[in-house]
Protein chains: 2
Amino acid sequence: MLGGMEDQVTRILKQWAAERPDLDVSPMAVVGRISRTARKIDAVLAATFARHDVDSASFDVLATLRRSGKPFTLSPRELTESAMVTSAAIAQRLNRLEERHLVTRAPDAKDGRGKQVTLTPAGLDLVNRALPDHVETEHALLAGLSKEERGQLSELLAKVEQAATETRP
Amino acid sequence: MLGGMEDQVTRILKQWAAERPDLDVSPMAVVGRISRTARKIDAVLAATFARHDVDSASFDVLATLRRSGKPFTLSPRELTESAMVTSAAIAQRLNRLEERHLVTRAPDAKDGRGKQVTLTPAGLDLVNRALPDHVETEHALLAGLSKEERGQLSELLAKVEQAATETRP
DNA sequence: GCTATATTGCTAAGCACTTAGCTATATTGA
DNA sequence: TCAATATAGCTAAGTGCTTAGCAATATAGC
């Protein structure tokens, strides 16, 4: 434990050590920090998106369509699988995006149940303009980490993510 | 990049490389994985809490009171500062907890504006019973990481968290 | 071929958060 | 001293998610 920082996570651990010395609460240091870091990152990214008049959820949909390549079309099902939310949430996001004329919904000729969601020129323009700003924000967040450290961080998180996926009830 | 895994994050990076080769989107690998890991962890922890008839938000309040030590009393203000939510959210959490008789709200004798939130015996009992299960779940999430790796992960995340905190608009 | 089941996309209702703004009390400073 | 400002706690309204459940279409099994 280098750099004896007395931050929030450290303080919580000390409290538990005093109150429940029978429990090994050391995992809280890592798990708690993942959660806290993610929330702070969300706030920073949201500020960037706000400068481009979108929220994170809307940008997520627009970016998913954008990176799928021409003709920038995906089904609500595919968008649901990409985002980590329910199909109902995607339907509501699409309602908002359609209302703002950033995407269109058309019937799928090959599947009578399906729809085809496509970026409008305005939607494409928005995501193209916001993307460099967004990427720059993410660069700033990681500016303090070397290339090697970023790789380490990714791999360590991947292990935890896999454990979380397998622990599913 | 060891272990050429073809997971969600990797696929997204490949798509961007094809669509926007002018942008260095490599930070997405790390930032995206922090977010995804945090959400999956939340789901796993929520399942544990559900077995004890609480949600994560309620447990967070109960645990904060518990680890503050006897007499298990804090002000709404202190609870707000500990949780990463607004004071309005804490007020509503306390409404729910008070309704379930897991905490009490009393006036603060030393500050006419303040309140004193205290664990009831039922609240203390609940958190004492849920805590070992919760800690065990967190251990399981980190089972794949050595002690050294956990330390590394914490430190790397702390750097990102600090960058996020300083990037506040 | 036709019935049973699965899939797709959606709306409705409920929930926990947010922002905005209120009241009551405490603190500051002219 | 006492007016101006700050702080504590709260409610109300709005937002974006969830679960539940719908109709329409596709697929599987007999």
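Numbered from 1 within each chain, the chains take letters A, B, ... in sequence-line order.
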Check: Donor-acceptor pair, Thr80(A) side chain versus Pro76(A) backbone, under 3.5 Å?
Finding: yes
Check: In Å and rounded to the nearest 0.5 Å, what is the CG to NZ distance from Leu142(B) to Lys159(A)?
Finding: 11.5 Å
Item checked: Flag, side chain of Ser58(B) to backbone of Val54(B), donor-acceptor distance under 3.5 Å -> no
Check: How far apart are the closest heavy atoms of Arg93(B) and Ala83(B), and which atoms are they?
Finding: NH1-CB, 4.0 Å
Check: Counting only non-hydrogen atoms, which of residues 94-116 of chain B are less than 4.0 Å from DNA chain C?
Finding: Arg96(B), Asp111(B), Gly112(B), Arg113(B)
Next item on the list: Please tell me which of the listed nucleotides, dC17(D), dA12(C), dT18(C), lies nearest to the side chain of Ala88(A)?
Entry: dA12(C)
Margin query: Whole angstroms only, please: what is the CZ-C1' distance between Arg93(B) and dC10(D)?
Written below: 16 Å
Checklist line | CA sep, side-chain torsions, deciding dist, call: Asp108(A), Lys110(A), salt bridge (Lys or Arg N to Asp or Glu O under 4.0 Å) | finding: CA-CA 5 Å; Asp108(A) 182 342; Lys110(A) 295 179 182 164; over 6 Å; no
Item checked: N/O (side chain, Thr86(B)) to phosphate O (OP1/OP2, dT18(C)) under 4.0 Å -> yes
Check: Between dT19(D), dC10(C), dC17(D), which nucleotide gets closest to the side-chain atoms of Ala91(A)?
Finding: dC10(C)
Check: Whole-Å distance between dT7(D) P and Glu81(B) CD?
Finding: 11 Å
Note to self: Please report the distance, rounded to the nearest Å, between CD1 in Ile90(B) and C1' in dA8(D).
What the structure shows: 14 Å
Checklist line | Side chain Thr137(A), main chain Val135(A), donor-acceptor under 3.5 Å | finding: no
Item checked: Identified pairing partner of dC15(C), criterion: Watson-Crick or G-U wobble below 3.5 Å -> dG16(D)
Note to self: Can you pull out the residues from residues 53-77 of chain A that lie within a 4.0 Å heavy-atom distance of DNA chain D?
What the structure shows: Ala57(A)
Check: Can you find a donor-acceptor pair, distance only, under 3.5 Å between Gln92(A) side chain and dT15(D) base?
Finding: no
Checklist line | Side-chain donor/acceptor contact of Glu78(A) with base of dT8(C) under 3.5 Å | finding: no
Check: Is there a Watson-Crick or G-U wobble partner for dT25(C) with both distances under 3.5 Å, and which nucleotide is it?
Finding: dA6(D)
Notebook entry, point to check: Under a 4.0 Å N-O cut-off, is there an ion pair linking Arg67(B) with Glu19(A)?
Noted result: no
Check: Can any side-chain N or O of Arg150(A) pair as donor or acceptor with the backbone N or O of Leu145(A) at less than 3.5 Å?
Finding: yes
Margin query: Taking CD in Glu81(B) as the centre, count heavy atoms belonging to other residues, nucleotides or ligands within less than 6.0 Å. Is the count above 12?
Written below: yes
